[in-house]
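Input: a single structure, listed below in structure tokens.
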Amino acid sequence: MTKLIQGYEVVIGFETHTQLSTASKIFSRASTAFGAEPNTQAAPVDLALPGTLPVMNKGAVERAIEFGLAVNATIASHSVFARKNYFYPDLPKGYQISQFEIPVVQGGSVEFFLGEEKKSVRLVRAHLEEDAGKSLHEDFVGMSGIDLNRAGTPLLEIVTEPDMRSSDEAVAYAKELHKIVTWIGICDGNMQEGSFRCDANVSVRKPGAALGTRREIKNLNSFKFMQQAMDYEIRWQIGEIEDGRAIQQATVLFDPDTGETRAMRTKEDAADYRYFPDPDLPPLVVAPEWVERVRSEMAELPRVMAARFVRDCRLSEADAAAMTQNKATAIYFMQAVAEGGPPKLVVNWMMGELSRRLNEADLTPADSHVGPIPLARLVSRIADGTISNNAAKEVFDELWNGKGHSVDLIIDDLGLKQMNDRGTLEKIIDDVIASNPDNVAQFKAGKEKAFNALVGQAMKASKGKANPAQVNELLKKKLAG
Ligand code: ADP
Ligand code: MG
């Protein structure tokens, strides 16, 4: 069931520009490193000097293949570079080299969890292209300058079908995509530096109606802005339609200061760009052997790893997805399980206490104060009944604060061992029953609350060290007898 907003269904499709992590540019040997002095990393090809010719960077193609394999797409054995013609100061050639009719990656899908719900967003394509330069507007000198360091940086543009039905779903998709490209290492994922930029195409419609007219919010480079921009845009479009105005297809920008989107230009159609195959570049041929070699060299993919956790550790799909949200989390989980931590308990602690502490301290699992080995010991002590869950939190605290190194020593020092000696516990329970005749009578008259009161008394008498499950069991038995 799709959630409606004021009776409207939201439709979103994403186009994401991921900067590929090659050392040099897509058609020249200039460096792609970020942050250099303007125009120090622009080769003649990037400057569009006459007579220069582009040479395809194999590393960029290889990364596109890796992406295609990661999302179960088809790798085209034959794809074509095209010229996308437009004029802009940061584009000295007067055209951008991109792929148009035949992209290198076709189809595929991205799967993720939105809360408990599994979602699948279909990809249309992923194509290779070059980035443009940057215009630098230097207000203090009243002039604009052009920096061509970014010109020719390899991009993989990843395009989805309009499959998403809420801003939450779209942000979850973007996070999953970000995870995939950084996991397989084709992109550094640095959003501030523009390595992962999303364009959100947003429209609204009455349920069952044809797709509405979309507006495209450009260059969203943080998950927070992404969410704000789409939420604003959705409200705005519904407001326009409710007021009787039609939506015009447009490209819009999000202004983080005002939290609003505003139209930048009316949207061009593909025909405006006069695409045609680039005569300077031969078709890109990717032999099946190349694809197989890339496949064989790729590390285990997050979705494959998640399936393994479901199969071998009996995790639910949602838990397995959480344990593969990034490499540091996955490695931590695997180490804790390898050390004998019961998988489900490890997950609970990683998603609960551990993640709370990591967030507070702004740390990743890789530099956690409590490593996977002590965590495994800790949860094993819960599993074997040595300590209660609450006592485990105290031990965790001690570990986190660096007090004491061994879980078992901390348990001893703090006297947290649960009472597993049945004789002592029976004695406590007999005493509780003898000294609380009112509660016992009420329980026998069918009052559940009275039973809980007796459990409470027994726990108190044991100074919290009795195992609640055992207290329950013994009390029931004795009261029935
Ligand atoms: P263009 O060629 O103008 O870029 P595409 O057909 O390639 O348009 O679509 C661009 C993106 O817009 C895709 O991600 C697609 O899913 C999305 N999209 C297309 N139509 C709609 C719509 N009506 N509402 C929301 N998103 C849409
Ligand atoms: Mg497009």
Side-chain angles (χ1 to χ4, degrees), residues 2-5 8-18 67 71 73 79-80 82-86 95-96 98-110 112 119-129 132 155-174 176-178 181 196-220 226-227 229-238 240-241 246-254 261 263-276:
T2 352
K3 203 180 87 200
L4 299 183
I5 299 182
Y8 287 85
E9 183 185 45
V10 173
V11 175
I12 300 172
F14 259 50
E15 294 163 287
T16 304
H17 289 92
T18 55
F67 177 75
V71 295
S79 62
V80 175
R83 291 185 178 181
K84 180 180 183 179
N85 298 280
Y86 65 93
Y95 60 86
Q96 176 195 24
S98 182
Q99 294 192 306
F100 182 55
E101 277 172 347
I102 312 179
V104 60
V105 175
Q106 304 174 6
S109 64
V110 172
F112 54 93
K119 298 281 183 186
S120 175
V121 170
R122 291 167 301 156
L123 299 181
V124 180
R125 58 191 280 158
H127 61 258
L128 284 163
E129 62 184 27
L155 301 177
L156 187 68
E157 180 177 339
I158 302 157
V159 184
T160 76
E161 296 283 0
D163 278 354
M164 293 165 280
R165 292 292 174 271
S166 68
S167 57
D168 290 345
E169 184 179 356
V171 171
Y173 159 78
E176 182 66 22
L177 185 67
H178 186 268
V181 297
F196 186 91
R197 325 191 281 265
C198 295
D199 302 340
N201 294 269
V202 179
S203 67
V204 297
R205 65 174 171 188
K206 290 279 183 185
L211 284 181
T213 303
R214 72 183 195 265
R215 303 213 310 165
E216 178 177 6
I217 316 169
K218 278 280 182 199
N219 277 334
L220 295 164
M226 210 176 276
Q227 179 97 47
M230 289 186 285
D231 286 339
Y232 176 85
E233 180 65 25
I234 291 162
R235 301 267 165 207
W236 183 86
Q237 289 188 14
I238 293 173
E240 289 291 293
I241 296 170
I247 303 296
Q248 302 294 323
Q249 190 166 327
T251 301
V252 308
L253 283 181
F254 175 68
T261 52
M264 183 163 81
R265 53 173 194 248
T266 55
K267 166 103 179 128
E268 308 79 0
D269 278 324
D272 297 328
Y273 289 117
R274 299 292 189 271
Y275 280 99
F276 64 89

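Throughout, numbering of the chain's residues begins at 1 and tracks the sequence. Remember, it's 1-based here, ligands and their atoms both numbered in the order they're listed. All of these numbers come straight from a predicted model, not from anything done at the bench.
Classification of the Phe100-Tyr275 ring pair by plane angle, with boundaries at 30° and 60°, yields parallel.
Residues satisfying the side chain to side chain donor-acceptor pair (under 3.5 Å) test with Asn85, not counting sequence neighbours, are none.
The side chain to side chain donor-acceptor pair (under 3.5 Å) with Glu157 is formed by just one residue from the set His127, Gln99, Arg125; it is His127. For the pairing with Phe67, the side chain to side chain contact (heavy atoms under 4.5 Å, CB included) check across Leu156, Val104, Thr18 returns one residue only, Leu156.
Every atom of ligand 1 is numbered from 1 in the order shown, and the set under 4.0 Å from a heavy atom of Gly212 is 23 (N). Numbered from 1 in the order shown, with element, the atoms of ligand 1 that lie under 4.0 Å from a heavy atom of Leu211 read 23 (N). Residue contact check: Glu161 has heavy atoms under 4.0 Å from atoms 16 (O) of ligand 1. The contact set between ligand 1 and Val159, taken as ligand atoms under 4.0 Å from a residue heavy atom, comprises 13 (C), 14 (O). Close contacts of ligand 1 with Phe14, meaning ligand atoms under 4.0 Å from a residue heavy atom, involve 14 (O).
Geometrically, ligand 1 and Pro162 share a nitrogen or oxygen pair separated by less than 3.5 Å. Some N or O of Arg214 is nearer than 3.5 Å to an N or O of ligand 1, by distance alone.
For atom 15 (C) of ligand 1, the nearest non-hydrogen atom from the set Asp272, Thr160, Thr251 belongs to Thr160. Atom 26 (N) of ligand 1 has its nearest heavy-atom neighbour, among Val204, Asn201, Thr213, in Asn201.
Neither the backbone nor the side chain of Glu216 comes within 4.0 Å of ligand 1, counting heavy atoms alone.
A donor-acceptor contact shorter than 3.5 Å is absent between the side chain of Asn201 and the backbone of Ile12. In this structure, the side chain of Glu169 does not engage the main chain of Lys119 through any donor-acceptor pair within 3.5 Å.
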Just list the side-chain donor-acceptor pairs under 3.5 Å for residues 204-213, sequence neighbours left out, or say none.
| from | atom 1 | to | atom 2 | distance (Å) |
| --- | --- | --- | --- | --- |
| Arg205 | NE | Glu9 | OE1 | 2.7 |
| Arg205 | NH1 | Ala209 | O | 3.0 |
| Arg205 | NH2 | Glu9 | OE1 | 3.1 |

